[in-house]
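Encoded as structure tokens, the structure appears first; notes follow it.
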Amino acid sequence: MDIEKVELIAQVSLDINELKDLDILLERILTHVRRFFHADAGSIYLKQEDKLKFSHTQNDTLQERLEPGKKLVYNTFNVPINNDSIAGYVAKNKKVVNITDVYKMDSSKPFTFGSDFDRLSDYRTCSMLTVPMTNQRGEVLGVMQMINAQDDQGHIIPFSNSDEALVQHFAANAALALERAQMTRDIIMRMISMAELRDPKETGAHVNRVAAYSVEIYEAWAVKKGIAEDEIERQKDILRMAAMLHDVGKVAISDMILKKPARLTSDEYEMMKCHSYLGARLFRNARSEFDDMAAEVALTHHDKWNGKGYPGHIDPLTEKSIPGFEGPDGKPVPKKGEEIPLFGRIVAVADVYDALCSRRSYKKAWSEERVLEEIRNCSGTHFDPEVVEAFFSCLDVLRSIVKRYPDEPD
Ligand code: C2E
Ligand code: SIN
Ligand code: SIN
Ligand code: FE
Ligand code: FE
């Protein structure tokens, strides 16, 4: 193997190991590995309980059929870990499966190719290399699948035997990063389940959605601003985790208020508002850019573009105004416009979108039409108009996120 390739592999491994958030990590793994093998498409399945969950996919051909800047929207589905399907077989037997053409497999194979995805998306899967993602203890965490290798002219070719070893190397590397990211995610989810509603089922979905919406809105905003791709990727990783923790300050709010099945009184609402700076306080011993961002998002996600939100220019520790920002009543002057950090402005839209679309103990879910009208009406008052514009430009992807993180039924 030439030295350039070896260096590229080392770089990919380094890059992957820097990422802490699971979703962003998996996207990046797919991008790197597909580029390396000139694969037109690729998917990752994650093991969840006794099934494989189809969790991430990329497909250049299908992507090209979309308008520029639009993203592929796909459904997640489950595959049993048994010999019936290719991915199931690979997970069950911890074996690599390299197929030249999935429609021309010899009948001695125990598995069959499920052509539903091809039919639904009008795609032709041909060559396919599927490898297990195993950790150091030999446990299967998921399956990585590369689809339709291409030569320099773009013709579909089989994956070679030497590709197999390399994909396995990447898969092992990915499994390692995956375990770490999963651990970070688990710790965050535990913090969250202590916080909001103290009910991990309901809140898990809300925070995952708000985080996923925020990342999409940020990406749409950043692409329009011409921000460099690697900078966008880096920020997405931080934003996702920070957005998940936006309401972590609710841990300090009493259940009586938090779970009240009715409108809050104005006193109760004043108590509730404290969740913004109380959340920020949790990250006061900031050690990393991530802690800073998490504090910023918790603090500012209820400030409004027109300066009518809360908590404004407050010091989360002393609960007093930042010097020079005392209003006539001694209370902190509200923040407005770009005084509110970008991530706060983004999470504000994502949070309200999710709150309005969802049923709460104190309100019904709104129709989508009404929700979108409200978001549009609040552009320039509650929300940053540019963020609202970014929101509408990625609405299709936002809708697909709802399907990925549905609320638990009562
Ligand atoms: P949340 O339920 O996640 O709502 C987040 C934000 O979405 C709210 O921030 C508000 O800006 C918006 N929002 C939610 N529902 C509605 C609605 O029916 N109409 C409109 N126009 N906007 C809505 P806000 O107001 O600062 O509230 C922060 C948190 O305080 C809420 O988070 C919720 O946990 C709690 N809360 C607010 N009002 C009530 C209430 O009347 N009863 C109860 N039990 N909790 C409330
Ligand atoms: C309020 O309670 O004053 C506004 C919050 C909401 O509409 O949910
Ligand atoms: C709207 O303009 O309110 C909806 C936009 C859309 O569906 O794309
Ligand atoms: Fe909040
Ligand atoms: Fe929230």
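First listed ligand is number 1; within each ligand, the first listed atom is number 1.
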When the ring centroid of Phe391 is compared with that of Phe383, is the distance short of 6.0 Å?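 No, they do not, as the ring centres are separated by 6.0 Å or more.
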
Check: His206 ring centroid to His246 ring centroid under 6.0 Å: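 Close enough - the centres of the two rings lie under 6.0 Å apart.
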
Could you tell me, atom by atom, which parts of ligand 1 come under 4.0 Å of a heavy atom of Ala355?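 It comes down to these atoms of ligand 1: 4 (O), 5 (C), 7 (O), 14 (C).
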
For His302, atoms of ligand 1 separated by under 4.0 Å from a heavy atom: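 Counting from 1, the qualifying ligand atoms are 9 (O), 24 (P), 26 (O), 28 (C).
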
Once you restrict to heavy atoms under 4.0 Å, what part of [X] touches ligand 1? Side chain, backbone, both or neither.
X	answer
Lys273	neither
Glu374	side chain
Ala262	backbone
Leu356	side chain

Grab the two heavy atoms, one from Ser214 and one from Ile346, that are nearest each other, plus how far apart they are.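 Closest approach of Ser214 to Ile346: O-CG2, 3.5 Å.
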
Taking all atoms of both residues into account, what is the closest heavy-atom pair of Ala91 and Val140, and its distance?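 Taking every non-hydrogen atom into account, O-CG2, 3.5 Å.
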
Taking [X] first and then [Y], would you say they form a salt bridge - that is, a charged N and a carboxylate O separated by under 4.0 Å?
X	Y	value
Glu139	Arg137	yes
Arg34	Asp60	yes
Arg370	Glu373	no
Glu326	Lys331	no
Lys224	Glu219	no

Can you list, pair by pair, the side-chain donor-acceptor contacts under 3.5 Å of residues 333-343, counting residues two or more places apart and other chains?
from: Glu339; atom 1: OE1; to: His313; atom 2: NE2; distance (Å): 3.2
from: Glu339; atom 1: OE1; to: Lys336; atom 2: N; distance (Å): 3.0

Return the option from [options] holding the heavy atom at the smallest distance from [atom].
atom	options	answer
atom 3 (O) of ligand 1	Arg360, Glu268, His301	Arg360
atom 40 (C) of ligand 1	Val210, Val371, Leu264	Leu264
atom 30 (O) of ligand 1	Lys304, His246, Met272, Met256	Met272

The Fe ion (ligand 4): protein N, O or S atoms [distance under 2.8 Å]: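 Under 2.8 Å from the Fe ion (ligand 4) - ignoring waters, which are not counted - the protein N, O or S atoms are Asp247 OD1, His275 NE2, His301 NE2, His302 NE2.
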
Quick one: sort the Tyr310 and His302 rings into parallel, tilted or perpendicular, breaks at 30° and 60°.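 Tyr310 and His302: parallel rings.
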
Would [X] count as being in polar contact with ligand 1, using the rule that some N or O on each side must be under 3.5 angstrom apart?
X	result
Tyr310	yes
Tyr269	yes
Lys250	yes
Lys363	no

Ile257: heavy atom below 4.0 Å from ligand 1, yes or no?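 Per 4.0 Å heavy-atom rule, Ile257 contacts ligand 1.
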
Supply the atom-to-atom distance Gln182 CD to Leu46 CG, rounded to the nearest 0.5 angstrom.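 The distance works out to 7.0 Å.
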
Checking side-chain polar atoms at under 3.5 Å, does Tyr213 have a donor or acceptor matched by the opposite partner on Asp351?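 Note: Tyr213 and Asp351 side chains miss the donor-acceptor criterion.
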
